[in-house]
Amino acid sequence: ARFVRSGGMPLSEPPPMFLESVGIIVDNFRRGDPGVLYFCSHAHADHVSGLTDTWNRGYVHCSLVTARLLALRWPGLAPQLRPLEVGVSHRLEVGCVPGDGAADPGDRD
């Protein structure tokens with residue numbers, strides 16, 4: 001796949017993404033969405049933006065190598081890391097937080 005910036009400049013890697021329909025955020029740790037799965041593809045600086053020693057918005061799923069590197073950089077992040085074995089299929093669940101229908105701005109009854 002070829003990824004390009006909005007101005008047409010090619011990217012060497014895909015940009016951070018939020019797959020809203022399935023509740024998955026990849027390489028974007030600045031969002032605070034409840035009930036999503038966070039993934040870190042690898043530990044390069046442009047893929048860990050937003051992570052800190054005290055980040056606690058959910059678990060960060062990543063490879064064992066990436067988990068070790070993240071824990072070295074941010075020891076306080078270690079409890080949030082969920083290393084996954086590479087090359088193996090993993091079943092993960094996405095939670096949800098239902099909203100109050102009365103809070104819907106389109107509901108004017």
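Since we're looking at a predicted model, the values are computed, not measured.
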Next on the checklist: Pair Ile25, Leu37 - check side-chain contact (heavy atoms from CB on, under 4.5 Å), show working.
Outcome noted: CA-CA 6 Å; Ile25 296 178; Leu37 294 174; over 6 Å; no
Item to check | Step-by-step side-chain contact (heavy atoms from CB on, under 4.5 Å) determination, Arg82 to Val60 | outcome: CA-CA 6 Å; Arg82 295 294 181 264; Val60 178; over 6 Å; no
Item to check | Minimal non-hydrogen separation, Ala78 against Ala71, with atom names | outcome: CB-CB, 4.3 Å
Next on the checklist: Counting only heavy atoms from other residues, nucleotides and ligands, does the tally under 6.0 Å from CZ of Arg68 exceed 12?
Outcome noted: no
Checklist entry - Nearest 0.5 Å, what's the CG-CG distance between Leu77 and Leu72? => result 11.5 Å
Checklist outcome for this item: Per side-chain hydrogen bond (donor to acceptor under 3.5 Å, both in side chains), Asp27 is matched among His47, His44, His42 by His47
Item to check | Least distance between heavy atoms, Ser41 atom then Thr66 atom | outcome: O-OG1, 4.1 Å
Checklist entry - Which atom pair, heavy atoms only, marks the closest approach of Asp53 to Gly76? => result OD1-N, 2.6 Å
Next on the checklist: Would Leu81 and Tyr59 count as a side-chain contact (heavy atoms from CB on, under 4.5 Å) here? Give the steps.
Outcome noted: CA-CA 6 Å; Leu81 300 175; Tyr59 296 121; over 6 Å; no
Checklist entry - Is the backbone N or O of Trp55 less than 3.5 Å from a side-chain atom of Gln80, with the two atoms forming a donor-acceptor pair by type? => result no
Checklist entry - Quick one: does Asp46's side chain have a donor or acceptor within less than 3.5 Å of a partner on Val48's backbone? => result no
Next on the checklist: Between Arg57 and Phe29 (side chain of the first, backbone of the second, donor and acceptor by atom type, cut-off under 3.5 Å), is there such a pair?
Outcome noted: yes
Item to check | Phe39 side chain reached by Ile24 side chain, heavy atoms, under 4.5 Å | outcome: yes
Item to check | Donor-acceptor under 3.5 Å (His90 side chain, Glu85 main chain) | outcome: yes
Checklist entry - Do Leu69 and Leu84 share a hydrophobic cluster (ILVMFWY, side-chain heavy atoms under 4.5 Å, transitive)? => result no
Checklist outcome for this item: To the nearest 0.5 Å, atom CG of Asn28 lies from atom OH of Tyr38 at 8.0 Å
